[in-house]
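Reviewing the structure listed below.
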Amino acid sequence: MTRLSQYLLPTEKEAPADAEAISHKLMVRAGLIRQLGAGMWSWLPAGWRAHQRAVQIIREEMDGIGGQETLLPLLQPAQPWRVSGRYDIDELFKLTDRKGADLVLAMTHEEAVTTHVAQTVRSYRDLPLILYQFQVKERDEPRPRAGVLRTREFVMKDAYSFDRDEEGLAESYQRHVGAYDRIMERSGLRWYRVEADVGIMGGLGAHEYMAPCPAGENEVVLAGGYAANIEIASATAQPVSLPQEMDAPLSVATPGLSTVTDVAAALGVPDGALLKAYPVIVEEESERMVLVMLRGDHRVNEIKLAAALRARSRPARPEEIAQRIGPPGFIGPVGLDGRVEILLDDAVQEGSYVTGANELDTHLQGVRPGRDFPFQRADVRTVCAGDTIAGAQVSIEPAIEVGNIFKLGLRYSQPLGASFLDEHGQQRPIWMGCYGIGPARIAAAAVEQYADEHGISWPRALAPFAVHLVALGKAGTPERQAAEAVYESLLADGVQVLYDDREGNPGEKFADAELLGCPLRLTVGRRSLQSGEIEVQVRRGRQAAAGLPLSAGAGELAGAVDALWRALP
RNA sequence: CGGGGAGUGGCGCAGUCUGGUAGCGCACCCGGCUGGGGGCCGGGCGGUCGCAGGUUCAAAUCCUGUCUCCCCGACCA
């Protein structure tokens, strides 16, 4: 039943007042989704159709690489999570049943799937194996936002690969690269596959699939063929002109000047001629303070810093800084006598810099790394505009992460005991990979990327309906009868058609059609009766296309629509 | 978790400062007109003003507490 007079499509003229993101506003206005609570969203019929179209693309590509679809429970015993070490994650929803047993709501399904594989896979003959599912994930997000872009509950396609060795994992991983590339391509999104952080747990490799759009929470760094999440991106910094060398550091009074910009301005040097000092305390090693030094015009990248330190860290508190180094705002690397390790960012070239003097209202000029302070090197800065990679300027774009693929290695198979016997009767651990993709994010990203001032403009692969048929004129009029016939004909030939058979003015109907954003709009009105043609509008760009014959033979109309359809983006 | 903002009918809002009959636009229902870009006229339905407590003759409005939602940041295995 896809008569709009009977279909639940609650469109709104005005967006919810608190919505910011385009997809949030438009998906609510178009009647696709409704909110029940923070990060809790319902999909209404048309929205769910779009979601399920993404699901079907994913399913086909997963099946194409030999994936086997399963369904694992959302509600799970706590025990495997304790074993895997993930029970203490804040985002994990925990609950207790009536008997007092600890349960969790799964945020992903490594524990469950690995448990089963540990039970059922005994031999190398059972490998490789790819299992996947579409299942709800629950995450107690600190801050859900932007409609369905970041929610506490969402459907994810999660896949897990099981291989006998690292080479096997690499092969499974490559298959997923292929499948994911095809999924993204078929969905019609603009997308990038980028290198991604493997996390503090130390995976063996990871990529993310990013859809660039303004509401994106991530940033991707692009240059030539290079594409990486800004969390791990590296690039060559723009050179900075440094002041003249000095034989030794020279104190200079900088009363009240504690920011890079103020000091640089006062001394007449560029921001990049300063060395910014960023003291951190290494987590679980509270005695260990590291002073990260980087150019004044650069920013610390916490992910890269964690990788360099092989541990998480937190910024040192003012009292810790005062006690171990000097007055906050005026600290520097000179004269610390090994009290604090110094980590110098790779972008700091040889030369003469301005640093804090570890003395109130004072800086040092002519500080030379190596001569004036000892250091270790690491790449710990965030890539910024102006950087280059192999000579090419980087561009930094916001993007939504719609999918990620990750080489887990033995991270779960070892604690959960997933192993097999090889040809020689030797027991070996199973090498695992995990592969996630969010159909809701694919849909929302499509809305973000292609919307215009009139509403959504779906890529044809994701549209809830192929055709939005608008009938003009009152019930019982000849034009309405003609529209009915067109609807019945399309329906009979299997065209996905939404038929606007409501009583209403043309303006409302056209506006709703463009808000919902189906790729083709067909209009049947009085004019059609005169011209003998069904009017066609292509949603993307809103241009009129050649009309279709109103009196077409069986299958003819559907064929013509299909031909039009195939030419669409 | 830090900062900011908001809860009044389905949506968007006014009313709160200065306590005194809960209002507007849209949507919805009924009737009529109109009929190719959210049209017009008339008549209606719908809200214990987030919740609890307090002050008062009287609370959407003042006080206290609490819950919820949004935005920015932190976080995001």
Side-chain angles (χ1 to χ4, degrees), chain A residues 8-21 24-25 28-31 34-41 44 81 84-92 106-111 137 139-147 149-152 154 158 196-203 206 208 215 217-218 229 231 302-303 306 312 314-315 400-401 404 406 408-409 411-412 415 434 436 438 453-455 470-477 479-480 483 500 502-516 521-531 534-535 537 542 544:
Chain A
L8 183 65
L9 189 77
T11 57
E12 299 284 351
K13 278 188 192 173
E14 295 183 85
D18 45 27
E20 285 294 321
H24 182 183
K25 290 179 183 169
V28 172
R29 282 193 55 210
R34 282 283 163 124
Q35 182 172 27
L36 201 58
M40 293 175 273
W41 287 84
L44 303 186
W81 293 78
S84 72
R86 292 211 297 172
Y87 189 70
D88 294 323
I89 294 175
D90 290 335
E91 281 71 25
L92 184 66
M107 49 194 299
T108 58
H109 284 74
E110 280 85 353
E111 282 79 2
K137 303 289 175 269
R139 296 183 185 179
D140 193 0
E141 290 284 349
R143 184 154 108 79
R145 59 179 291 273
L149 281 182
R150 183 164 214 88
T151 54
R152 294 198 285 181
F154 59 97
D158 46 325
D197 178 37
V198 294
I200 201 78
M201 290 300 190
E208 291 163 338
E217 299 184 285
N218 298 90
N229 191 313
E231 291 175 349
E302 304 285 350
I303 306 271
R312 293 191 176 206
R314 61 166 174 82
I400 299 175
E401 179 189 346
N404 73 292
F406 195 100
L408 289 168
R411 165 75 182 82
Y412 292 92
C434 65
E453 65 271 31
H454 300 280
V470 174
L472 302 181
K474 279 187 190 177
T477 58
E479 60 267 30
R480 176 60 72 91
D500 191 348
R502 297 172 300 179
E503 294 300 318
N505 290 295
E508 307 173 50
K509 296 190 171 195
F510 292 145
D512 270 351
E514 283 166 8
L515 179 58
L516 180 59
R521 187 184 80 200
L522 269 45
T523 305
V524 176
R526 275 186 203 158
R527 289 183 195 168
S528 315
L529 296 180
Q530 285 157 15
S531 66
I534 304 163
E535 290 158 53
Q537 186 217 49
R542 297 173 77 229

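Below, read A as the first sequence line, B as the second, and so on, with proteins coming before strands; counting in each chain starts at 1. Computed from heavy atoms alone, side chains included, the values below leave out hydrogens, waters and symmetry copies.
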Inter-nucleotide [atom1] distance ([N], [M]), Å rounded:
| N | M | atom1 | result |
| --- | --- | --- | --- |
| A52(B) | U68(B) | P | 16 Å |
| A14(B) | C30(B) | P | 32 Å |
| A6(B) | C17(B) | P | 15 Å |
| G37(B) | G4(B) | C1' | 40 Å |
| C62(B) | C45(B) | C1' | 34 Å |
| U8(B) | A60(B) | C1' | 7 Å |
| G38(B) | C75(B) | C1' | 43 Å |

Side chain proximity check, [X] to [Y], heavy atoms < 4.5 angstrom:
| X | Y | result |
| --- | --- | --- |
| Glu91(A) | Pro142(A) | yes |
| Phe510(A) | Gln537(A) | no |
| Glu479(A) | Ser528(A) | no |

Next on the checklist: Once ring-ring contact (aromatic ring centres under 6.0 Å, His included) is applied, do any residues pair with Trp81(A), and if so which ones, sequence neighbours excluded?
Outcome noted: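 For Trp81(A) there are no ring-ring contact (aromatic ring centres under 6.0 Å, His included) partners, ignoring immediate neighbours.
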Using a 4.0 Å heavy-atom cut-off, does [X] contact any base of the nucleic acid, only the sugar-phosphate backbone, or nothing at all?
| X | value |
| --- | --- |
| Ala38(A) | sugar-phosphate |
| Glu217(A) | nothing |
| Gly473(A) | nothing |
| Asp512(A) | base |

Counting only Watson-Crick pairs (N1-N3 plus N6-O4 or O6-N4) and G-U wobbles (N1-O2, O6-N3), all under 3.5 Å, who is the partner of [N]?
| N | answer |
| --- | --- |
| G42(B) | C30(B) |
| G25(B) | C11(B) |
| G36(B) | none |
| C62(B) | G54(B) |
| A6(B) | U68(B) |
| U16(B) | none |
| G73(B) | C1(B) |

Which nucleotide wins on minimum distance to the side chain of [X], given the candidates [options]?
| X | options | result |
| --- | --- | --- |
| Gln537(A) | G37(B), C70(B), C26(B) | G37(B) |
| Pro506(A) | C69(B), C75(B), G36(B) | G36(B) |
| Arg521(A) | G36(B), G38(B), G37(B) | G37(B) |
| Arg527(A) | C69(B), G36(B), G37(B) | G36(B) |

With the criterion being N/O to N/O and under 3.5 Å, what pairs connect the protein with nucleotides 9-11 of chain B, and how long is each?
from   : atom 1 : to       : atom 2 : distance (Å)
C11(B) : O2'    : Glu14(A) : O      : 3.4

Whole-Å distance between [N] [atom2] and [X] [atom1]?
| X | N | atom1 | atom2 | value |
| --- | --- | --- | --- | --- |
| Asp197(A) | A77(B) | CG | P | 8 Å |
| Gln35(A) | U68(B) | CD | P | 14 Å |
| Lys13(A) | G37(B) | NZ | P | 15 Å |
| Asn229(A) | A77(B) | CG | P | 11 Å |
| Arg480(A) | G36(B) | CZ | P | 14 Å |
| Met107(A) | C75(B) | CE | P | 16 Å |
| Arg29(A) | A27(B) | CZ | P | 13 Å |

Could you pull out all residues at least two apart from [X] that satisfy side chain to side chain contact (heavy atoms under 4.5 Å, CB included)?
| X | answer |
| --- | --- |
| Glu20(A) | none |
| Asp512(A) | Thr11(A), Arg502(A), Leu515(A) |
| Ala146(A) | Ala21(A), Leu149(A) |
| Asp158(A) | His109(A), Gln133(A), Lys137(A), Met156(A), Tyr160(A) |

Item to check | Of Glu91(A) and Met40(A), the one whose closest RNA chain B nucleotide lies more 5' | outcome: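 First, find each residue's nearest nucleotide; the 5'-ward one identifies Met40(A).
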Next on the checklist: Between Asn218(A) and Leu36(A), which residue's closest nucleotide on RNA chain B lies nearer the 5′ terminus?
Outcome noted: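 So the residue in question is Leu36(A).
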Next on the checklist: I'd like to know if the side chain of Lys509(A) reaches the main chain of Ala471(A), judged simply by a donor and an acceptor atom lying under 3.5 Å from each other, with no hydrogens or angles considered.
Outcome noted: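 At least one qualifying donor-acceptor pair exists.
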Checklist entry - Where the side chain of Thr477(A) meets the backbone of Gly473(A), is there a donor-acceptor pair that is under 3.5 Å apart? => result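 No, because the side chain of Thr477(A) does not come within donor-acceptor range (under 3.5 Å) of the backbone of Gly473(A).
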Item to check | Side-chain donor/acceptor contact of Asn505(A) with base of G38(B) under 3.5 Å | outcome: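 Donor-acceptor pair under 3.5 Å: no.
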Next on the checklist: Any N or O donor-acceptor pair under 3.5 Å from the base of G39(B) to the side chain of Glu508(A)?
Outcome noted: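 There is none.
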Among all residues two or more places apart in sequence or in another chain, which pass the salt bridge (charged side-chain N to carboxylate O under 4.0 Å, His left out) test with [X]?
| X | answer |
| --- | --- |
| Asp140(A) | Arg152(A) |
| Arg139(A) | none |
| Glu231(A) | none |
| Arg34(A) | Glu12(A) |

Next on the checklist: Atom CG of residue position Leu36(A) - does it have more than 12 heavy atoms of other residues, nucleotides or ligands inside 6.0 Å?
Outcome noted: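 No, because the 6.0 Å sphere around CG of Leu36(A) holds 12 heavy atoms or fewer from other groups.
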What N/O pairs connect the protein and nucleotides 71-73 of chain B at under 3.5 Å? Give each pair on its own line.
from   : atom 1 : to        : atom 2 : distance (Å)
C71(B) : OP1    : Ala146(A) : N      : 3.4
C72(B) : OP2    : Arg143(A) : NH1    : 3.4
C72(B) : OP2    : Arg143(A) : NH2    : 2.6

Can you give me the N/O atom pairs linking the protein to nucleotides 41-46 of chain B at distances under 3.5 Å, or say none if there are none?
none

